[in-house]
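Just below is one structure, and these are the notes that go with it.
Chain A is the first sequence line, chain B the second, and so forth, proteins listed ahead of strands; every chain is numbered from 1. Everything numeric here is computed off the predicted structure, so don't read it as measured data.
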Amino acid sequence: MQRLEEAKKRDHRKLGRDLDLFSTNHEMVGGGLILWHPKGGLIRYLMEEHSKRIHLEGGYEFVFTPHIGRSVLWETSGHLDFYKESMYAPIEIDNQEYYLKPMNCPFHVQIYKSRVRSYRDLPIRMAEWGTVYRYERSGVLHGLTRVRGFTQDDAHLFCAPEQMPEEIDKVLNFSIDLLKDFGFDDFKLYLSTRPEKRVGEEAKWDAAEDALLQALQRSGYPYDINEGDGAFYGPKIDIYVTDALERPWQLSTIQFDFNLPERFDLTFIGPDGQPHRPYMIHRALMGSMERFFGVLIEHYGGNFPVWLTPVQVKLIPITDTQNDYAYEIARKLKDAGLRVEVDDSDARMNAKIRNAQLEKIPYMLILGAKEMDAGQVNVRLRNGKRLGAMALEEFIALAQEAIEKKIAI
RNA sequence: GCCCACAUAGCUCAGUAGGUAGAGCACAUUCUUGGUAAGAAUGAGGUCACCGGUUCGAGUCCGGUUGUGGGCUCCA
C-alpha cells in the first residue's frame, strides 16, 4: 500500500510532465511516439554522451544507417516472414516498397558484407544509436517504457568462434559497469536456452549456451536459467535491474544470432585461406533510450544524480538588489562547467525556494545582503539540508565532486 | 488485441434533481523588496473527447467511435 503510493508519486509519466521532461500527443502525433522536451533532451544527451564515450574506449565503432530499406532486405533477413505484424506498412516509391526499420541488424550486416573480411579484422563491434519503429498493439503502450518509436543503444559483434567466449565476457562486464554508472547496482541475470523451434546447428547452440553460462558464472552475480526461452535464432542473456522500489526491469539483452549470418551468407577468410561463418551477437545495454529514461526517472523519483540533472544550481537573490551579484556568480559557475539558472522573478525568496524544490534542483544558492557583502553563497540542498554560507570556490569544489563521482544527493 | 473503468480550462478536480459551466494551481498585468517549501489584487483562459439518439432543453440519460488508466498477452 505504502509502496503503491510511492510508486504513484514516482510515476515517470507524472514526473515527465511536472519536470517538463517529455510528452506524448496522441491527437496530433500518435500514441507511443515520444516528444523529448529540452530538459529531457539534455538528460538524454548526457546519457548518450557518457555511453558513447565508453563504447569508443571499449573498442566499438559507430555506424549510421537509414530509417527505411527495400523490402528485399527484410525478405532476406526473415523479418517479413516472422516479424511482419510488428512492422509499419511499406512506403512505395518508384514502384519499390520500403519498410520502416523495426531493427538495425540487417543494415549492420550489409556494412559487414561491403567488403571481404579477414580473421584479422575480427572482432568487429559495430554500434549505432538506431531509432526503430514497431507496431505495438494499442493496449500495451505505456509512457516511456512501451512505445512505438524508440532508439536502441544497439551493437552487433562479429567474431570468430574462438573469440566468442571472451567477447561474451567483455560485453557482460561492460553492460554491468554501464548500468552501475547510472546508479543501478542490484542485478539479476537470466540465461534463456534453445527453444523447440529453432535454426542453427546443435554444435553452435552447445558452444553458445556454454559460453553464456560460463560468463554468467564468472560474473559473480545471481542468475537463473529459463529453459527453452531463447529466441528461435539463438540463446540470450537478459539483465534485470532492481530499482529503488525493488521492482525488476529488463534493460540489457545479449543475444546470439545464428539466423542472419546464414541468411546473408556472412563469411570471413580464416588463416587457412578458406571462408568461415562468423558468430554474430546482438546486444542492447540500456535497451532503449526511452525505456531506460522511464526507469531512471522512477528509480530516482526525479531526483537525478547531479551529473544528469538538467539544472544543477538555482541562484536565488533575496531582493533585486542582489540580482547583479547573482548573475556574476552564475557566470563563474558556468565557467566552472555547471548548469545554472537565476531566479530573478519578483517572487519572494520562500516562493523561489519552493519552486526550486519542486523542480528538484539539487543546489540552491541563497544570495542576500549578507552573502553579497561577504562575497559568499548560502547553500541549501534539495533534501532540505542547509550547508550555510561558504566561499564560491568551496561550493564549486563540492558540486564538482558530486558530478565526478556521479553521486545523488 | 481482449476484460473492466474513465474522458469537464495547460495541470488537479467540483458540477448537487437534465435548465446552455466553477475552484485551486499554472499563465498575464500591477502592487509588494521579503532570510530557507506558496505575499496580494486584477485579468485572460472551456465547441464539457468526437458522432448520433431521447428530450421543449443534455456536461448530466442511451448507443457508437476515438483516446486514456488498470489487468491479461507480448516486448527494448
Side-chain angles (χ1 to χ4, degrees), chain A residues 4 7-8 11 13-20 23-32 34 37 83 85-86 101-105 129-155 175 192 229 231 236 238-241 249-255 282-295 314 316-323 343-361 363-372 377-389:
Chain A
L4 266 177
K8 209 171 162 188
D11 190 318
R13 294 166 300 177
K14 175 177 160 50
L15 287 170
R17 192 182 52 241
D18 291 350
L19 301 179
D20 198 14
S23 64
T24 53
N25 184 328
H26 37 275
E27 286 89 8
M28 299 299 289
V29 180
I34 306 301
H37 295 199
Y83 208 73
E85 67 285 357
S86 294
K101 67 175 171 185
M103 296 183 190
N104 304 299
C105 350
W129 266 232
T131 302
V132 296
Y133 293 88
R134 299 180 186 172
Y135 173 72
E136 300 285 354
R137 291 171 302 170
S138 60
V140 306
L141 298 176
H142 181 87
L144 290 173
T145 57
R146 192 68 184 276
V147 296
R148 285 181 173 159
F150 55 98
T151 301
Q152 297 179 301
D153 62 329
D154 207 2
S175 186
S192 297
D229 218 27
K236 60 173 183 169
D238 291 324
I239 303 181
Y240 281 71
V241 303
W249 298 91
Q250 196 215 300
L251 295 175
S252 310
T253 183
I254 301 167
Q255 311 183 340
H282 170 116
R283 41 117 290 186
L285 305 188
M286 294 161 78
S288 80
M289 302 314 292
E290 285 76 8
R291 177 176 291 180
F292 191 83
F293 189 34
V295 174
K314 182 77 101 178
I316 301 181
I318 293 181
T319 74
D320 54 17
T321 313
Q322 288 88 41
N323 279 358
D343 186 347
D344 59 0
S345 69
D346 65 353
R348 316 176 88 91
M349 179 201 60
N350 287 347
K352 291 181 182 181
I353 289 172
R354 178 165 196 273
N355 289 334
Q357 289 283 157
L358 292 175
E359 286 180 63
K360 301 183 185 293
I361 292 170
Y363 300 107
M364 284 157 254
L365 302 189
I366 316 297
L367 306 171
K370 281 186 269 178
E371 287 75 17
M372 191 165 86
V377 297
N378 203 310
V379 182
R380 177 195 166 97
L381 305 182
R382 71 177 156 205
N383 60 19
K385 217 158 127 189
R386 298 190 214 170
L387 301 185

Gap between atoms [atom1] and [atom2], on [X] and [N] respectively (whole Å):
{"X": "A:L365", "N": "B:U36", "atom1": "CG", "atom2": "P", "result": "16 Å"}
{"X": "A:R348", "N": "B:U32", "atom1": "CZ", "atom2": "P", "result": "12 Å"}
{"X": "A:Q322", "N": "B:U33", "atom1": "CD", "atom2": "C1'", "result": "9 Å"}
{"X": "A:Q250", "N": "B:A76", "atom1": "CD", "atom2": "C1'", "result": "7 Å"}
{"X": "A:L358", "N": "B:A37", "atom1": "CG", "atom2": "P", "result": "12 Å"}
{"X": "A:L381", "N": "B:A37", "atom1": "CG", "atom2": "P", "result": "13 Å"}
{"X": "A:M372", "N": "B:U33", "atom1": "CE", "atom2": "C1'", "result": "13 Å"}
{"X": "A:I318", "N": "B:U36", "atom1": "CD1", "atom2": "P", "result": "8 Å"}

*Heavy atoms under 4.0 Å, any strand shown: does A:V132 hit a base, just sugar-phosphate, or nothing?*
nothing
*asked:* Using a heavy-atom cut-off of 4.0 Å across all strands, would you classify A:Q152 as base, sugar-phosphate, or nothing?
replied: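 The answer is sugar-phosphate, as A:Q152 gets under 4.0 Å only of primed atoms, P, OP1 or OP2.
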*When you get a sec, tell me which of B:U36, B:A76, B:G34 is the closest nucleotide to the side chain of A:T319?*
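Among the listed nucleotides, the one closest to the side chain of A:T319 is B:G34.
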*Which one, B:A76, B:A37, B:G39, comes nearest to the side chain of A:R134?*
B:A76
What does the list of N/O pairs under 3.5 Å between the protein and nucleotides 27-31 of chain B look like, with a distance for each?
| residue | atom | partner | partner atom | Å |
| --- | --- | --- | --- | --- |
| B:C31 | N4 | A:D346 | OD2 | 3.3 |

Distances under 3.5 Å between nitrogen or oxygen atoms of protein and nucleotides 66-74 of chain B:
| residue | atom | partner | partner atom | Å |
| --- | --- | --- | --- | --- |
| B:G67 | O2' | A:H26 | NE2 | 3.1 |
| B:G69 | OP1 | A:R13 | NH1 | 3.1 |
| B:G70 | OP1 | A:R13 | NH2 | 2.8 |
| B:G70 | OP2 | A:R13 | NH1 | 3.4 |
| B:G70 | OP2 | A:H142 | ND1 | 3.4 |
| B:U73 | O2 | A:R137 | NH2 | 2.6 |
| B:C74 | O2 | A:R146 | NH1 | 2.6 |
| B:C74 | O2 | A:R146 | NH2 | 2.2 |
| B:C74 | N3 | A:R146 | NH1 | 2.9 |

List every contact pair, protein side and nucleotides 40-42 of chain B side both N or O, where the distance is under 3.5 Å.
none

*Paired stems touching RNA chain B, three or more consecutive Watson-Crick or G-U pairs with both distances under 3.5 Å?*
B:1-7 with B:66-72, B:10-13 with B:22-25, B:27-31 with B:39-43, B:49-53 with B:61-65
If you round to the nearest 0.5 Å, how far is [atom2] of [Y] from [atom1] of [X]?
{"X": "A:D238", "Y": "A:Q255", "atom1": "CG", "atom2": "CD", "value": "7.0 Å"}
{"X": "A:T131", "Y": "A:K101", "atom1": "OG1", "atom2": "NZ", "value": "7.0 Å"}
{"X": "A:I316", "Y": "A:I353", "atom1": "CD1", "atom2": "CD1", "value": "5.0 Å"}
{"X": "A:K360", "Y": "A:L358", "atom1": "NZ", "atom2": "CG", "value": "7.5 Å"}

*If you pin A:K352 and A:M286 to their nearest nucleotides in RNA chain B, which one's is more 5'?*
A:K352
*Report the residue (A:R380 or A:L251) whose heavy-atom-nearest nucleotide on RNA chain B is the more 5′ of the two.*
A:R380
When the [atom1] atoms of [N] and [M] are considered, how many whole Å apart are they?
{"N": "B:G45", "M": "B:G10", "atom1": "P", "value": "12 Å"}
{"N": "B:C74", "M": "B:U47", "atom1": "P", "value": "43 Å"}
{"N": "B:C6", "M": "B:U60", "atom1": "P", "value": "14 Å"}
{"N": "B:G70", "M": "B:U12", "atom1": "P", "value": "14 Å"}
{"N": "B:A76", "M": "B:G53", "atom1": "C1'", "value": "46 Å"}
{"N": "B:C56", "M": "B:A23", "atom1": "P", "value": "33 Å"}
{"N": "B:A44", "M": "B:C2", "atom1": "P", "value": "46 Å"}

*For the base of B:C75, is there a side-chain donor-acceptor partner from A:R291 under 3.5 Å away?*
yes
_Determine whether a donor-acceptor pair (one donor, one acceptor, N or O, separation below 3.5 Å) exists between the side chain of A:D320 and the base of B:U33._
yes
_Taking every non-hydrogen atom, the tightest pair across A:K314 and A:E359_ = NZ-OE2, 3.5 Å
State whether the side chain of [X] and the backbone N or O of [Y] hold a donor-acceptor pair below 3.5 Å, judged by distance alone.
{"X": "A:K352", "Y": "A:P317", "value": "yes"}
{"X": "A:D154", "Y": "A:G130", "value": "no"}
{"X": "A:R283", "Y": "A:D153", "value": "yes"}

Using nucleotides 6-11 of chain B, report all nitrogen or oxygen pairs with the protein that are shorter than 3.5 Å.
| residue | atom | partner | partner atom | Å |
| --- | --- | --- | --- | --- |
| B:C11 | O3' | A:R17 | NH2 | 3.4 |

*What string of B, S and - do you get for nucleotides 46-51 of chain B 5' to 3' if you count protein non-hydrogen atoms under 4.0 Å?*
------
